[in-house]
There are 2 protein chains.
Amino acid sequence: MARTRSFDRDAVLAAAGNAFRQHGYRDASIAELERATGLVSGSIYNAFGDKAGLFRAALEHYVHGFVRQRIAAFAGADAGLEELEQLFVSVLEPPLSDGYGCLVNNSIIEFGNAPGIASDGINETLALVRQGIASLLTREIGAAAAELEAMQLVLLYHGVLTLSRSGTSLEAMRSAVGATFDRLLAARSRHNNKQ
Amino acid sequence: MARTRSFDRDAVLAAAGNAFRQHGYRDASIAELERATGLVSGSIYNAFGDKAGLFRAALEHYVHGFVRQRIAAFAGADAGLEELEQLFVSVLEPPLSDGYGCLVNNSIIEFGNAPGIASDGINETLALVRQGIASLLTREIGAAAAELEAMQLVLLYHGVLTLSRSGTSLEAMRSAVGATFDRLLAARSRHNNKQ
DNA sequence: ATCATTTTAGAACTTGTATTCTAAAATAGG
DNA sequence: CCTATTTTAGAATACAAGTTCTAAAATGAT
C-alpha cells in the first residue's frame with residue numbers, strides 16, 4: 001500500500017499543545033510549531049489540514065488525555081475533599097507549573113465566548129470541572145451548600161490558572177488553596193455531625 | 001504656530017482599550033483600531049508611534065483611570081468589607097459585563113510573565129489589588145487571617161474576570177461572590193467580639 | 001522486486017497587516 | 001493675511017506568516 005507515518009501523533013499533539021499553551025494560538029507561528037513538534041510544515045498540513053486543525057486536535061488531546069484524566073482521578077465518584085484539593089495542588093506542580101498556564105484557561109481569554117475552534121474543548125472542560133466539583137461537594141458537605149461552594153471553587157480554580165502566568169508565587173497560591181480546603185473540611189465535619 | 005490635534009486623547013485611549021479588551025493585542029488590527037478610535041492609521045502612528053505605543057498608552061490609561069479609581073473607591077483607607085464586595089460585583093456590571101473581560105487580566109494571559117509592553121500595567125495592577133485587599137482585611141478581620149484570605153480573594157477576583165469571557169452566568173458568579181463575603185462578614189463579627 | 005500510494009521536504013506563493021511616505025488641510029502666531 | 005508647523009488622509013511599501021505546490025523518499029502489498 002503506502003508509506004506509514006513516521007511520527008507519533010500523541011507526542012506531536014502534546015508538543016503542539018505546549019507550544020500553544022506558551023504562545024497562544026495566534027502567536028504560535030508555523031515555524032514555531034515545526035520546531036516544537038519536529039515536523040515540517042508539509043507534514044503538519046498533510047496530517048491536520050491547517051493550523052486551526054492542529055490546534056483543534058491538540059486541544060482535544062489535551063482535554064481527553066489530560067483534563068478528563070485528572071478530573072476522573074481527583075473528582076471522580078469515589079474522590080473526597082482530600083483528592084479534590086490535590087486537583088488544585090496539581091496545577092501548581094509539573095507539568096503545569098512552568099508558567100505557561102492551562103491550554104483551556106488560556107483559550108477562554110484568547111477566543112472568548114464566540115463559537116470557534118476552541119469552543120468545544122472549553123465547554124467540555126467547564127462542564128467536566130463544574131460537575132465533578134459539584135457532585136463531590138454534594139457527597140461531602142451536602143446538597144444544600146454544594147452549589148454555592150462549587151462555583152466558588154471553580155472561580156478559585158481559574159484564578160489559580162490565570163495567575164500562574166503572572167509570576168505570582170506558587171507557594172502563596174498553594175497556601176490559599178490549603179486555607180480554602182481547611183474550611184471545607186470543617187464544613188464536612190459539621191455536615192457529618194448533623195446527620 | 002501649528003494645527004491643534006482634533007481628537008480627545010482620553011476618548012481615543014478608552015476606545016482603543018475596548019478594542020484591545022475585545023480582541024487582544026495581537027488580533028486587534030490597525031484597521032480595527034481605526035474603526036474603534038475613529039482615527040486613521042496616520043494619526044495613530046503620529047500620536048503614539050506604533051501599535052505597541054498605542055497599547056501601552058491604552059493600558060496605562062486603563063490602569064490609572066479605571067483600576068486605580070476603583071481600588072481607591074472600593075478598597076481605600078476608609079472602605080470596609082461591604083465596599084470590597086462592591087469591587088467584585090462591579091466587574092459583573094457595566095462597563096465590564098460585556099463579556100470582553102478586563103484588559104489587565106486578559107493581558108496576563110496574552111503576554112505572560114516575560115517583560116514586555118504589558119508588564120508595567122500588569123504588575124502595577126496586581127500590586128494595587130493585592131495591597132488594597134490585604135490592608136482592608138487587616139483592618140476588618142485582623143492581621144492573623146488577612147494574608148491568607150487576601151490571596152483567596154485575589155484568586156477569586158481573577159477567576160471571575162477570566163470566566164466573564166466564557167459565557168458563565170454572571171448571576172451564578174454574583175452568588176458565589178456573595179457567599180464568600182457572607183463568610184468574611186461572619187469572620188469580622190467573630191474578630192470584633194474577640195477584641 | 002516492483003508498484004501504487006502516502007509521507008516528507010522545502011521552495012514558492014499569496015495574503016494579511018504593520019508601517020512608512022507623500023501630499024494636502026488646518027491652525028495659531030507674527 | 002501669511003506662513004511655519006503639525007495633523008490628517010490615504011496610497012504605497014515591506015515584511016511576516018499561513019498555505020500550496022512540486023518532487024523525492026519511503027513503505028507495504030501484490
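Since this is a predicted model, take the numbers as computed values, not measurements. First the proteins, then the strands, lettered A, B, ... as listed; each starts at 1.
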Task: Pair listing, side-chain hydrogen bond (donor to acceptor under 3.5 Å, both in side chains) test, anchored in residues 140-154 of chain A, at least two apart - done: A/Glu140-A/Arg188, A/Glu149-A/Arg183, A/Gln152-B/Thr180

Taking only distance into account, with no hydrogens and no angle test, what donor-acceptor pairs under 3.5 Å do side-chain atoms of residues 8-20 of chain A form with protein atoms, sequence neighbours excluded?
unit_1, atom_1, unit_2, atom_2, d
A/Asp8, OD1, A/Asp10, N, 3.1
A/Asn18, OD1, A/Arg21, NE, 3.3
A/Asn18, OD1, A/Arg21, NH2, 3.0

TODO: To the nearest 10°, let me know how far the axis at one end of the helix from C/dA1-D/dT30 to C/dG30-D/dC1 is tilted from the axis at the other, five pairs an end.
DONE: 10°

- [ ] Side-chain contact test, heavy atoms from C-beta onward, threshold under 4.5 Å: evaluate it for B/Leu156 versus B/Met151 and give yes or no.
- [x] no

TODO: Please tell me which of the listed nucleotides, C/dT8, D/dT8, C/dT19, lies nearest to the side chain of B/Lys51?
DONE: C/dT19

TODO: Tell me which residues in residues 29-45 of chain A put a heavy atom below 4.0 Å from DNA chain D, sorted by number, or none.
DONE: A/Ser29, A/Ile30, A/Ser41, A/Tyr45

- [ ] Could you list all the salt bridge (Lys or Arg N to Asp or Glu O under 4.0 Å) pairs where at least one residue sits in residues 160-176 of chain B, not counting sequence neighbours?
- [x] B/Glu85-B/Arg174

TODO: Would you classify A/Ala28 as touching base, sugar-phosphate or nothing, given that sugar-phosphate means primed atoms plus P, OP1 and OP2, and contacts are heavy atoms under 4.0 Å?
DONE: sugar-phosphate

Task: Contacts of type ring pair (Phe, Tyr, Trp, His ring centres under 6.0 Å), residue B/Phe181, not counting sequence neighbours - done: B/Phe88

TODO: Sorted by first residue and then second, give each side-chain hydrogen bond (donor to acceptor under 3.5 Å, both in side chains) pair with at least one member in residues 32-41 of chain A; sequence neighbours left out.
DONE: A/His23-A/Glu32, A/Glu32-A/Arg35

Using nucleotides 13-15 of chain D, report all nitrogen or oxygen pairs with the protein that are shorter than 3.5 Å.
none

Open item on the list: With side-chain hydrogen bond (donor to acceptor under 3.5 Å, both in side chains) as the rule and sequence neighbours excluded, what pairs involving residues 53-66 of chain A come up?
Closed with: A/His64-A/Glu124

TODO: Using the test side-chain contact (heavy atoms from CB on, under 4.5 Å), find all partners of A/Ser43 that sit at least two apart in sequence or belong to another chain.
DONE: A/Leu39, A/Val40

TODO: Would you please name every residue forming a side-chain contact (heavy atoms from CB on, under 4.5 Å) with A/Ala144, sequence neighbours left out?
DONE: none

Open item on the list: Run the side chain to side chain donor-acceptor pair (under 3.5 Å) test against B/Ser90 and tell me which residues pass, sequence neighbours left out.
Closed with: B/Arg70

